[in-house]
Structure formats: structure tokens, C-alpha cells
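Numbers here simply count residues along the sequence, with the first being 1. In listed order, ligands and their atoms are each counted from 1.
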Amino acid sequence: MHPHDTVVILDYGAINAQIVAKAVRQLNIYCEVLPSSAGIDRIRKLNPRALILQRGKAFGERTLGREAAADLAALGVPVLDLLETECPPGNLGEFLVGRCGLRQDWTTERFIEETVADLRERIGDRKVLLAMSGGVDSSVCAVLLHRAVGRQLTCVFVDHGCMRKDEPRQVVEIFRDQFGINLVAVDAEARFLARLAGVTDPEAKRKIIGEEFIRVFEEEARKLGEMDYFVQGTIYSDVIESGWEGGKAVKSHHNVGGLPERIGFKGIIEPVRYLFKDEVRKVGDALGIPAAVNHRQPFPGPGLGVRCLGELTKEKLDILREADAHFLKAMAEAGYDRQASQYFAVLTNVRSVGVANDARTYGYVIALRAVKTTDFMTAAAVPLPIDFLLRVGGEIATHVKGVNRVVYDITGKPPSTIEWE
Ligand code: XMP
């Protein structure tokens with residue numbers, strides 16, 4: 001049972017059940033979203049103080065059913081029935097606090113305290129392994145676990161050679177040097193690039209990076225000796241979007257999928273399983289994780305591997321890293337980073353003729369991309385000011401060796417995807 005007053009949101013196929021859940025949590029009240037098919041025992045286990053029925057395509061007298069309705073009534077808690085159009089609902093606070101008398105004590109600080117205490121109790125003197133990607137979720141998990149069990153935690157960070165400029169160094173500096181986390185950093189660039197030589201098909205590239213990642217990680221884990229627990233940075237959207245099946249969420253696109261089964265741990269720990277992304281970030285801020293990590297944009301598991309078109313070579317990846325770093329810096333300096341959900345450079349595999357110092361050049365074409373999205377299923381290109389684009393594009397074409405032309409990607413999703421491969 002959760003230590004805080006809990007609201008259960010029953011989702012009848014609404015498109016916005018997550019928005020209601022986020023609105024409840026904004027009030028510092030804990031809630032969980034369950035599918036409308038959840039049995040009454042599952043609801044009762046959470047000991048809810050209030051129920052919200054989130055109407056959607058599966059809602060109706062018939063689907064709710066007499067028995068279910070009677071069951072819900074037997075819980076004896078107040079029920080709010082929300083239409084899909086009432087979102088986010090204005091009267092939520094009035095209902096939950098005014099009418100149901102729920103306490104608003106589910107805060108970031110309490111979450112951290114309680115999670116650290118729980119982890120400490122569950123882990124005891126056992127050992128924990130965490131795959132650190134440098135992303136927000138695994139970073140927050142690492143710091144929470146480090147607070148709970150200190151040196152019993154080992155983090156492994158694998159540099160697959162497709163990281164952004166300075167990223168591997170930054171991960172080590174922040175987590176090993178500043179936080180004092182026991183972090184093993186593996187430079188596997190050469191190994192990945194050897195396996196990727198000659199491979200041009202995007203899905204084949206993804207597959208090789210994923211498989212090689214597991215192999216490298218497995219080898220490192222074996223060197224460390226027996227570990228009891230494996231940490232996964234699953235978040236609540238992964239849980240909800242995976243359809244709750246057996247409560248087993250798989251982090252979509254995740255590099256470490258399949259790893260726990262292969263290495264064989266006693267248990268999986270998911271410290272942020274019940275948090276939404278913005279809540280994970282709040283925890284990260286409170287834990288003192290620098291904004292450069294905690295507020296960074298999403299970065300795909302295969303990294304620059306899907307932004308460097310065609311065969312992956314060190315030469316091309318280095319060119320892309322330079323161009324990308326330049327663009328990221330310029331976006332942050334101009335403050336446009338806040339207008340974009342994801343922004344990056346792409347090394348198109350096209351080379352074109354240019355001119356420098358009166359001589360003909362033959363360089364790569366770099367594409368810049370910046371998109372705004374809420375769910376990453378659809379996205380719009382950010383209309384960056386042309387003056388800014390002219391300046392940044394010019395700088396990249398002039399200063400990044402190997403590049404002589406820069407274009408801006410103006411397409412939305414659909415019909416394009418966010419990544420180029
Ligand atoms: P697309 O390109 O499909 O991207 O519009 C949607 C979101 O997913 C990310 N993405 C990936 N993430 N492994 C990942 O971990 C991948 O292979 C992958 N492909 C795309 C992309 O960055 C965007 O946020």
C-alpha cells in the first residue's frame with residue numbers, strides 16, 4: 001500500500017488519461033492509472049481514497065456493466081466521472097481536496113526520502129548493477145541508488161562510439177568525480193565501428209549497435225562478479241503505454257532490453273517506475289544533477305548512429321559530432337533550445353562541390369533539424385529565424401572540416417520522422 005492518499009484513475013480508452021494523472025499529481029496527490037478492465041481486487045489493493053473514471057471509447061453503461069458498477073460502489077469512495085473533453089478538469093482540486101479531503105503531501109522531497117528508505121531496506125547488503133546511458137532516467141536512478149546503498153551500486157557506461165561530443169567525458173566527470181558513484185566507463189568505440197564496417201541499412205545498424213551493446217555490457221558485468229539486482233529506468237509512461245500487461249513494462253527502444261534475463265539477477269529494481277518524465281526531472285533537480293544532464297533532450301539508444309547516414313566511420317562521426325556541438329551551443333546561447341523538443345545535426349551521406357580559398361572542395365552536406373512535439377508521435381519543424389540559420393549554417397560550413405554545405409530540415413512528422421534513419 002502506498003504511504004500517501006491515493007487516487008485511482010480508471011481509463012476507459014481515453015486519449016488523455018495521462019493528462020488527468022499529471023493534473024492530479026500537480027496537486028501533490030499520488031495517483032495511478034489502471035485500465036478499465038482492472039479487477040476490483042487490483043483497485044482495492046491500492047486502497048484508493050477517490051476514483052476518477054476517465055471516459056473514452058470503451059465507456060458506456062454496457063461496458064461499465066452492472067457488476068463492475070456495483071463493485072466500484074462497494075469500494076465506498078467518491079467517484080468523479082470525467083468526460084474526455086473536460087481535460088484537464090478545472091474542478092479537480094475542489095473534488096479531491098475539498099470534497100474527498102485528500103492530503104497534498106506527495107512531494108518530490110517525500111518521494112526521494114521514501115524511495116531511498118525503501119531501496120535501503122530492500123537491498124540490504126546486496127549488490128546492484130545499473131546500465132548508465134547518460135540520459136535522464138538512468139542518471140536519476142543512479143543517484144537515488146547511490147544515496148541508498150553507496151558503493152554497493154556499480155554503474156556501467158558503454159561508449160559505443162556514437163555519442164555526442166564530450167558526452168562520455170561528461171558522464172564520468174559528473175557521476176564518478178562529483179557524485180562519487182562507482183562507475184565503470186567502457187570505451188568500446190573501436191569494437192562497435194569494426195562490427196559496423198560496411199553496414200548501410202538503418203535497421204541493420206540499429207540491430208548491430210543493440211546486440212553489441214548487450215555483449216559488451218554482459219562482459220563487463222561478468223568481470224564485476226555476482227550482482228544481485230539490476231536497475232531499470234522504466235518510467236510511468238512506459239508502464240501505461242505498454243498496456244499494463246502483467247505490469248511488465250519494457251522500455252521502448254531500450255538498449256538493455258533482454259539483458260536481465262541473460263545475466264540472471266535475483267531481482268529488477270525500477271526506482272522511477274511510477275513517475276512521469278517531468279517528475280523524474282524534478283527529482284533529478286532536487287538530487288542536484290546538473291541541468292546539462294537532467295534537462296537534456298531525448299537521445300536515441302543508437303545515438304548518432306541514426307543521424308550519420310550510410311556507413312558509420314570514425315571520420316564521418318567526428319565531423320557530425322563537431323557540427324552537432326556547434327548547433328547545440330548556438331541554440332542554447334540564443335535561447336531557442338526552449339522552443340524545441342529535440343534538435344540536432346545530421347550528416348547526410350551526400351557530398352557536394354564547394355569552394356574555399358579559391359580552391360574547389362568536395363565536402364559533406366549537414367542538415368540541421370529542430371522539432372517541437374509533445375508525444376513524439378507527431379512533430380512540427382521549429383520555424384527558427386532565418387538570420388540565426390544563416391549565421392549558424394555559415395559557421396558550420398566554414399569551420400567544421402569536411403563540411404561545405406548546410407541545409408535546414410523543414411518537414412514535420414508525418415510525413416517525415418524525427419530522426420533521419
Ligand atoms: P522518429 O524518428 O521515429 O523518433 O520520429 C521518435 C522518437 O524516438 C526516438 N528514436 C529512437 N530512440 N532508439 C531510441 O532509443 C531508436 O532506434 C530510435 N529511433 C528514434 C527519436 O529520437 C525520437 O525522440
Q: Minimum distance, heavy atoms only, to atom 12 (N) of ligand 1: which one of S341, P300, P202 is it?
A: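 When every heavy atom of S341, P300, P202 is considered, P300 comes closest to atom 12 (N) of ligand 1.
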Q: R222 and side chain to side chain donor-acceptor pair (under 3.5 Å): which partner among E220, E218, E226?
A: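 The passing option is E218.
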Q: Looking at Y343, I'd like to know if the NZ or CZ of R369 sits under 6.0 Å from its six-membered ring centre while staying within 45 degrees of the ring's axis.
A: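 No, R369 does not lie over the aromatic ring of Y343.
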Q: On a heavy-atom basis, I'd like to know which of E419, M377, Q297 is closest to atom 22 (O) of ligand 1.
A: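 Nearest option to atom 22 (O) of ligand 1, by heavy atoms: E419.
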Q: Please state whether the rings of F388 and F327 are parallel, tilted or perpendicular, taking 30° and 60° as the class boundaries.
A: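 The arrangement is tilted - the two ring planes meet at 30° to 60°.
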Q: Would you mind listing which atoms of ligand 1 come within a distance below 4.0 Å of any non-hydrogen atom of F376?
A: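 Checking each atom against F376, I get 6 (C), 24 (O).
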Q: Numbering the atoms of ligand 1 from 1, which are under 4.0 Å from a heavy atom of K413?
A: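 Under 4.0 Å from K413, ligand 1 has these atoms: 1 (P), 3 (O), 5 (O), 6 (C).
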Q: Are any of the N or O atoms of G301 closer than 3.5 Å to those of ligand 1?
A: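 Min N/O separation from ligand 1 is below 3.5 Å for G301.
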Q: Checking side chain to side chain contact (heavy atoms under 4.5 Å, CB included) against V406, which of I396, V400, T398 comes through?
A: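 When I396, V400, T398 are each tested with V406, the side chain to side chain contact (heavy atoms under 4.5 Å, CB included) holds only for I396.
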Q: Measuring from D324:CG to L347:CG, what's the distance to the nearest 0.5 Å?
A: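 Taking CG in D324 and CG in L347, the distance rounds to 11.0 Å.
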Q: Check each atom of ligand 1 against the heavy atoms of Q342 and keep those under 4.0 Å away; list them by number with element.
A: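 Heavy-atom distances to Q342 below 4.0 Å select 21 (C), 22 (O), 23 (C), 24 (O).
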Q: Which one of G135, P302, S416, G210 has a non-hydrogen atom at the shortest distance from atom 13 (N) of ligand 1?
A: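 Answer by nearest heavy atom: P302.
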Q: Fit a plane to each ring of F111 and W106, take the angle between them on a 0 to 90° scale, and name the class: parallel (under 30°), tilted (30 to 60°) or perpendicular (over 60°).
A: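 Answer is perpendicular, since the angle exceeds 60°.
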